[in-house]
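In what follows, chains carry the letters A, B, and so on, assigned in the order in which the sequence lines appear, proteins first and then strands, with residues in each chain numbered from 1. These numbers were taken from a predicted model, which means no experiment stands behind them.
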Amino acid sequence: MKSLVKTIARRPLSSYYSIYTFTTQTQISTIPPTLIDDFTNFCYKKDLPRAMEAMNSLEKRGLRAASVTYSELIKCCIACGAVEQGKRVHKHVYSNGYKPKTFLNNFLLNMYIKFDLLNEALKLFDKMRERNVVSWTTIISAYCNLKLNGDALECLVRMQREGVQPNMFTLSSILRASDCLGTLRQLHCSIIKYGLESDIFVRSALIDIYSKWGELDNGFRVFDEMQTGDLVVWSSIIGGFAQNGNGDKALDLFISMKRLGFEANQGTLTSVLRACTGLALLELGRQVHTHVIKTQIDLILNNAILDMYCKCGSLEDASSAFKWMSEKDVISWSTMISGLAQNGYSIEALKLFESMKASGSKPNYITIVGVLFACSHAGLLDDGWSYFRSMKRLYGVEPGREHYGCIVDLLGRAGKFPEAVQFIHEMKCEPDAVIWRTLLGACKVHKKVGLATYVAKKIIELEPHHEGTYILLSNIYADAERWEDVEEVRKNFTGRGFKKEPGCSWIEVNKQVHAFIFRDEAHPQIKFVYRELNYLIERIRRVGYSPDMTFVLHDLEGEQKEDSLRFHSEKLAIVYGLMSLPKEKPVRIIKNLRICGDCHTFAKLVSKTEDRYIVIRDPVRYHHFRDGTCSCGDYW
DNA sequence: ATAGGGTTAG
């Protein structure tokens, strides 16, 4: 009403009367300035319903507010997710042949993108007279979000041909669209050319994308030259190392970041947890968990916590964290199912899968991998087959390499070799080295030397540089005491410039990691460890232990053979754990190579004679030793 | 007005 008085007061007295009479006849809304003011106020107050009403009234009278007012209203529609209202605004803005300014069009573009209406946005975009860098960036980032990388890159060319130069917004957004390293390098060149490398958004995007393309070195270079950075840049580089299996470096950087006074958020801590997961640092991971539990845990962080506990072999912690989660998504369920399966709790994993379905959560590709893995791990041939055969129909998931791999494993473990080979040939995709190596693993378990030779040849054709293949094959020959063949493989292996990676096992004691490397005597207490180990071997010899010589890679003689077995790194780590941890604490060992049969027997017997719970994580499987048995059922 | 990092398998 205030504005009404003002307007009227400015007019000469005669027209005051005429307006007054006029309004009483045709309702108050004919007085335009009031309406526009009200409209503006409603928009700024985010009162969508009344703003829309006011806009309709304006429209009826062919009136229009200022562009900023409309942009406020569009923001309001976006915030409320009001699609229909948004479209009405669009129509109104364009009514009576009016041509809105570019910035208002950009607001409309942005609105359609936020509403996932790319086509509407494109229709508008094509009609716009002027398209500035914001218009282009809006479209490009929409393409990037939809993973339409080609379209995004094409836009980058088109905009420049129209004379619009990309800015830091454009480039930080389009980096994700790199379809190969070449593209990435070209984009990086453009960034340098436009002098945008120091922008923190561009920097974090560069670090991230280099890391995703496996060239973290380049990402680190960008990071290292940094003068100014923020939490996201730090998180990108920490995440990069964590995702590329360099947990050490990730944790180092995390410490540097903290020293500079940055407070980690949930995103950063998710990466830190992933680093703990990779290194199997249960105690450090637990520390992160207890820290975040006091503040805030979102779904992604919670999932990372679950995974950390599973991969550190502590299913008790994982299950309880899972139970307390207020919200669970497919990833939570899948993590838990795979975690149980990998740790040898197949039945529990399958039960959890049933609960998942009952909860209404829809299994995805990865969930089914976990389910099939559970079946193959426990040798549940029939269940595995039936899940595999019905996955498409029941869950809409087309079988892929990983699923085929599980079935090959399932058949191989069951000793059904003709079926496994036939299955591989009938798969819908070309068998790769991973599939054949699965079969090779089964050959080892069932001592199928002949088939192993054939399979290994296939693998070496496909992947000549994979060390694991040679080691596996040589062990298969050693098993069969075919020493000439062992020597042949060894020659082939070293001839290609490989060296067998030394076995390394580590254990976390009192927030410190103690690593033991085969034939390495650097550990300060190594003498005591050896002494204890000898006592221990004597004790378990009495309950029937005799070193199993077939697990020595090279053809050595008698005593020497036993010595090299005796000092396998996991035995040293186990002994150290027994010596330094209280009896009720599990001895958790992590190692870089697969566990050998002799160490496996050793661990089983020790768990019995010493009455200890021992967990060993090797690169592919978990072994929980309790009371003389292992969760893997001696099948790995 | 437009932009960046975090979770499941292999």
Regarding [X], tell me which of base, sugar-phosphate or nothing describes its non-hydrogen contacts under 4.0 Å with the strands shown.
| X | value |
| --- | --- |
| A:E72 | nothing |
| A:K311 | sugar-phosphate |
| A:I140 | nothing |
| A:R401 | nothing |
| A:I200 | base |
| A:N106 | base |
| A:V233 | base |
| A:F103 | base |
| A:D199 | base |
| A:S236 | sugar-phosphate |

Side-chain N or O of [X] versus OP1/OP2 of [N]: is the shortest distance under 4.0 Å?
| X | N | answer |
| --- | --- | --- |
| A:R274 | B:dT8 | yes |
| A:Q266 | B:dT7 | no |
| A:R203 | B:dG4 | no |
| A:K212 | B:dG6 | yes |

Legend entry - Base B:dA3 paired with A:S172 side chain (donor-acceptor, <3.5 Å): yes
Legend entry - Check: B:dG6 base within 3.5 Å donor-acceptor of A:D298 side chain: yes
Legend entry - Given A:D179, A:I209, A:N218, the one that forms side-chain contact (heavy atoms from CB on, under 4.5 Å) with A:L184: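 For A:L184, the side-chain contact (heavy atoms from CB on, under 4.5 Å) test succeeds with only one of A:D179, A:I209, A:N218, which is A:I209.
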Legend entry - Residues A:K591 and A:D618 bridged, charged N to O under 4.0 Å: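 Looking at A:D618 together with A:K591, the answer is no, because their closest N to O distance does not fall below 4.0 Å.
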